[in-house]
Amino acid sequence: MFRGPVAEISLSAIGQNLQAIRKIVKNRPVIAVVKADAYGHGAVEVSKRLLKEGISYLAVAYINEAVELRDAGITVPIIVLFDTEDVKSIFDFNLMPVICDMDNALSLSRESKKRNIPLKVHVKVDTGMGRMGLHGNHIITDLMKISDMHGLEITGMLSHFSEADLSDRTYAKIQLERFNAIKEKISEKLKRRIFSHIANSAAILSFQEAHLDAVRPGLMLYGYSPFNYGTNPPLPPFAKGGQGGITHGINLIPAMSIKTRILCIRNVPSGTPISYGRTFITKRPSRIGVIPLGYADGYNRLFSNNAEVLVNRRRAPVAGRVCMDLTMIDLTDVKGAKEKDEVVIIGRQGNESIKAEELAFRSNTISYEILTTLGSRSKRTYVETH
Ligand SMILES: *Cc1c(COP(=O)(O)O)cnc(C)c1O
């Protein structure tokens with residue numbers, strides 16, 4: 001019996017989120033970011049659904065992720081953001097690498113020569129993220145060298161913003177100016193325009209000038225806005241009236257629900273300590289439920305006495321420390337709760353809902369981490385409703 005959590009993924013929600021993105025970016029091509037197993041949603045299923053919606057490109061972090069998509073019969077161009085080590089696979093699986101330095105470029109060019117097969121590449125320039133990409137004061141000469149290398153055709157240029165939530169756009173503007181300056185110079189030298197992209201979800205939502213020739217959304221596809229409740233708006237997004245950060249009038253639909261079932265329930269007297277370290281002691285005669293979910297399933301130990309789940313359309317608080325495979329919840333105020341009842345960790349029950357942002361806030365992280373950790377350790381099912 002599979003007792004761990006189930007991740008129910010709504011493919012129709014992902015489809016709708018894509019439509020919402022297209023509307024904002026006026027139908028520019030969308031490079032759908034499906035790295036980290038589509039942020040925990042399952043890269044193959046999500047990609048297949050996005051292809052049905054006519055997506056132009058997919059992007060992954062590492063070559064093995066791209067190979068998984070090719071093995072599933074996906075033939076659309078796949079941009080590999082961070083990995084050029086295995087040059088053979090790039091050719092064998094017809095992938096589109098992102099060149100980050102001259103060594104990358106040389107080894108790809110050598111392989112191209114050996115096979116006598118030309119290769120379309122995108123080149124990354126570092127405009128201030130300080131992570132990967134051509135950098136320093138020789139970016140233009142480097143780009144020209146790459147362009148002159150045997151077999152390599154530069155079909156795209158990209159950069160990445162360092163302000164993931166763009167709550168302050170000052171630095172992003174500098175990055176975009178640098179990017180545009182590089183683009184102009186290189187277009188002049190090569191006497192052609194280069195397809196350019198820089199916008200992540202935050203820039204799609206709040207920085208129209210950065211939409212350029214294509215956009216690269218990840219988080220938004222899965223139904224979340226990257227805007228941080230820590231800054232703006234001031235209330236946590238799950239507080240009354242909050243809708244999960246600024247959504248600029250667009251309606252994103254969270255695609256992932258995480259669910260489990262109550263394993264057992266016990267009635268205990270007042271003064272009963274619950275779980276490791278006795279950090280929770282009942283203050284009244286209580287009904288304590290046990291759920292088959294713990295930190296080994298990605299349910300963070302920081303949720304100890306510090307999160308809620310939904311049972312019978314009501315919120316039930318976590319009672320005591322989260323264990324490796326189990327968590328206790330206080331069901332005293334949840335009328336009619338019984339063993340095997342559905343427990344929603346993320347998702348909706350009636351009028352109540354818990355979003356990834358709420359759990360992110362409680363564990364001092366971002367919704368990206370909540371989705372990838374819970375999503376990757378759950379058994380996934382796919383639905384066409386939302
Ligand atoms: C992850 C990633 C994205 C997508 O970012 P979101 O904030 O999820 O939209 C875009 N570009 C690059 C290079 C990335 O690594």
Side-chain angles (χ1 to χ4, degrees), residues 14 17-18 20-22 24-25 28-41 43 46-47 50 55-63 65-66 77-84 95-100 104 121-135 156-167 169 172 175-176 179 195-207 210-228 244-248 250 252 254-256 356-357 360 365-373 375-376:
I14 291 172
N17 294 331
L18 173 65
I21 292 166
R22 282 184 166 149
I24 299 174
V25 303
R28 283 176 170 78
V30 171
I31 300 165
V33 180
V34 294
K35 65 192 180 192
D37 216 359
Y39 291 41
H41 295 65
V46 167
S47 300
L50 289 168
I55 202 89
S56 320
Y57 300 87
L58 296 167
V60 295
Y62 299 103
I63 289 171
E65 298 176 304
I78 302 177
I79 297 173
V80 183
L81 293 167
F82 309 129
D83 183 11
T84 53
L95 309 178
M96 198 177 267
V98 170
I99 289 177
C100 293
N104 286 167
V121 299
H122 286 212
V123 181
K124 188 167 208 175
V125 295
D126 185 357
T127 54
M129 172 72 179
R131 191 169 69 177
M132 290 175 100
L134 304 182
H135 60 102
M157 192 175 85
L158 64 148
S159 193
H160 194 48
F161 288 120
S162 78
E163 302 281 332
D165 64 9
L166 284 180
S167 48
R169 270 190 282 163
Q175 284 192 265
L176 182 63
F179 190 64
F195 179 78
S196 317
H197 44 99
I198 191 170
N200 54 3
S201 293
I204 290 169
L205 281 166
S206 74
F207 198 11
H211 293 176
L212 306 182
D213 299 323
V215 294
R216 293 196 311 266
L219 192 69
M220 277 179 87
L221 286 170
Y222 311 105
Y224 285 93
S225 154
F227 292 104
N228 204 331
I246 307 164
T247 50
H248 292 244
I250 74 150
L252 294 171
M256 181 191 291
E357 282 137 340
T365 183
I366 50 180
S367 40
Y368 298 75
E369 188 178 348
I370 299 293
L371 296 173
T372 49
T373 48
S376 65

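Numbering of ligands and ligand atoms starts at 1, following listing order.
Of the possible polar contacts, none joining the Asp213 side chain to the His197 backbone as a donor-acceptor pair under 3.5 Å is found.
Near Lys35, with a cut-off below 4.0 Å to any heavy atom, the atoms of ligand 1 are 1 (C), 2 (C), 3 (C), 14 (C), 15 (O). Listed by number with element, the atoms of ligand 1 under 4.0 Å from a non-hydrogen atom of Tyr39 are 1 (C), 4 (C), 5 (O), 6 (P), 8 (O). Taking every non-hydrogen atom of Leu219 and a distance limit under 4.0 Å, the qualifying atoms of ligand 1 come out as 6 (P), 8 (O), 9 (O). If you number the atoms of ligand 1 from 1 as listed, the ones under 4.0 Å from a heavy atom of Arg131 come out as 15 (O).
On a distance-only criterion, Gly218 and ligand 1 share at least one N/O pair closer than 3.5 Å. Considering backbone and side-chain atoms alike, Tyr368 places an N or O below 3.5 Å from some N or O of ligand 1.
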- request: For the pair Ile78 and Tyr57, evaluate side chain to side chain contact (heavy atoms under 4.5 Å, CB included) and give the outcome as yes or no after the intermediate values.
  value: CA-CA 6 Å; Ile78 302 177; Tyr57 300 87; over 6 Å; no
task: Run the numbers on Phe161 and Ile198 for side chain to side chain contact (heavy atoms under 4.5 Å, CB included), then give the verdict.
output: CA-CA 7 Å; Phe161 288 120; Ile198 191 170; 3.8 Å; yes
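Heavy atoms of Arg216 found under 4.0 angstrom from ligand 1 belong to the backbone as well as the side chain.
Within a 6.0 Å radius of CZ in Phe195, more than 12 heavy atoms belonging to other residues, nucleotides or ligands are found.
Annotation: the span from Ile99 atom CD1 to Met132 atom CE amounts to 12.0 Å, rounded to 0.5 Å.
Between Tyr39 and Tyr368, the angle of the ring planes lies from 30° to 60°, which puts this pair in the tilted group.
The closest approach between a heavy atom of Met220 and any atom of ligand 1 is not below 4.0 Å.
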